[in-house]
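FYI, the numbering just counts along the sequence from 1. Given the structure is predicted, the values throughout are model-derived calculations rather than measurements. Side chains included, hydrogens not; waters and symmetry mates left out as well; all remaining heavy atoms used.
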Amino acid sequence: MSPTKHPYKVAYVAAVDLPDNRRAHAMQMLKNGQAWSQCVTDFEFVTNVWRSNMKRLTPENMASFYGLTHPFKITGLPVRRFELSQRAWVRELYFSMAAWRCKLRGLDFVYTRSYQLLRHSLKRGLPTIVETHSPPGRTPEIDAMLSLTHEANFVALTTISEPLAQMYRDFGVPKEKVMVLPDGVDLERFEAAHTIQEARTKLGLPQDQVIGTYVGHLYDGRGIDTMLEAAKQKPEVLFLIVGGYPKDIERWQAVVSAMGLNNIRFEGFVANDQVPLYLWAGDFLMMPYGQGCATKDWMSPLKLFEYMAAGRAIISSDFPILREVLADGKNGLLFEPDDGAGLAQAMTRVMEDTPMRQAMGEAALKEVAQYSWVKRVEKVIEHFEAWQA
């Protein structure tokens, strides 16, 4: 069923280099933009890009790279070079231009993850909603935003978790303006679910081997070292690692070689529209964040919701923030962070108890419906309407 179209004119103003940005924040913004385009009658995604990339912002490129199922209008302003200026006023020019564009178009409100926009949008009388994934006090831009949250046209600050929301309340943001909106998932991409056998056939993966899948970047703190320690103890399991920049893959391949492991397979970056296949191909999906993860106290991982939508058992590090979504033994299995032996034991438990493994996958799939990007946007619209009343 298509979502209800609300009669609003909205722009998502970003400052993200497109069309082939592999960072998680770019994916999150584009998925958000798609949901906005589905929920309001007039929507535009505005960002600053390099002039050489202008012709590449095609629906086809964006759909494949970011796994978009509903193309929407993307307006690229070719002023990316402003960000390189040593002069603060030049770096601000893009945000001033974007705010003027929104004002001239007569928008009902503006949505953004760029704190710098707020001063310009409020100056022009535009109701503005800001989304944040970082704690207060971390950057001058965040501090500047905090000083404006009491303004009448500052509609809301959306945060990705309750701990992050509480940090902003403690910093004085009016509590009625703070929203908690965990990240989400594009459920349509998972509707044509594949069996493990079907997914493996399409990807050329072995049918007769246990496969544990990880999708995401390979930065420190993401638990790659924990997976390699588990791989030593579980040589019968194929560890399928999808994603990562070439330099990170090369670094970890050297570690794998030094450890003498032959059950690690690095797939590298794949277009987002291929991610569901890799998730469906796994017997279980791994999310082994370590204590070194800088966002472990307030994060809302995109991969968590895609894992849930795939309907497979999830094995995850046990952080309080992840327990906002995962319940141990119900829709996931939790282990102590940075504990390769604990991860290996969880794998054994999941594979030896088939009914539990299947039940966890089914529970995750059932519960993920509440985390769709569309439902997320609809909550923002409800807040805007209450503010407007």
Do [X] and [Y] have side chains that approach each other closer than 4.5 Å (heavy atoms only, starting at C-beta)?
X: Thr41; Y: His6; value: no
X: Asp42; Y: Val40; value: no
X: Leu277; Y: His194; value: yes
X: Phe72; Y: Ile74; value: yes
X: Val110; Y: Cys102; value: yes

Check your understanding: For Glu92, which residues count as a salt bridge (Lys or Arg N to Asp or Glu O under 4.0 Å) partner, sequence neighbours excluded?
Key ->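 For Glu92, the residues satisfying salt bridge (Lys or Arg N to Asp or Glu O under 4.0 Å) (neighbours in sequence not counted) are Arg119.
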Point to revise | Ring geometry between Tyr111 and Trp36 (parallel below 30°, tilted from 30 to 60°, perpendicular above 60°) | key: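 The arrangement is tilted - the two ring planes meet at 30° to 60°.
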Answer yes or no: is there an ion pair linking [X] with [Y], defined by an N-O contact shorter than 4.0 Å?
X: Asp283; Y: Arg200; result: yes
X: Arg251; Y: Asp220; result: yes
X: Arg56; Y: Asp20; result: yes
X: Arg376; Y: Glu131; result: yes
X: Lys247; Y: Glu250; result: no
X: Arg169; Y: Glu162; result: yes

Report, one line per pair, each donor and acceptor closer than 3.5 Å where one atom sits in a side chain of residues 342-355; sequence neighbours left out.
{"from": "Thr348", "atom 1": "OG1", "to": "Lys234", "atom 2": "NZ", "distance (Å)": "2.6"}
{"from": "Thr348", "atom 1": "OG1", "to": "Ala344", "atom 2": "O", "distance (Å)": "3.2"}
{"from": "Asp353", "atom 1": "OD1", "to": "Met356", "atom 2": "N", "distance (Å)": "3.1"}

Practice item. Check whether the side chains of Tyr12 and Thr47 place a donor and an acceptor atom closer than 3.5 Å, and report yes or no. Key: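 Checked: Tyr12/Thr47 side chains show no N/O donor-acceptor pair below 3.5 Å.
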For residues 284-305, please give each side-chain donor-acceptor pair under 3.5 Å, one per line with the distance, not counting sequence neighbours.
{"from": "Tyr289", "atom 1": "OH", "to": "Lys303", "atom 2": "NZ", "distance (Å)": "3.3"}
{"from": "Lys296", "atom 1": "NZ", "to": "Gln291", "atom 2": "O", "distance (Å)": "3.3"}
{"from": "Trp298", "atom 1": "NE1", "to": "His133", "atom 2": "O", "distance (Å)": "2.9"}
{"from": "Ser300", "atom 1": "OG", "to": "Asp183", "atom 2": "N", "distance (Å)": "2.9"}

Review point. Looking at the rings of Phe384 and Tyr8, which for Trp means the six-membered one, are their centres under 6.0 Å apart?
Key: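 Yes, they do, as the ring centres are separated by less than 6.0 Å.
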Exercise for review: List the steps and the verdict of salt bridge (Lys or Arg N to Asp or Glu O under 4.0 Å) for Asp273 and Arg189.
Suggested key: CA-CA 8 Å; Asp273 62 0; Arg189 292 197 305 125; over 6 Å; no
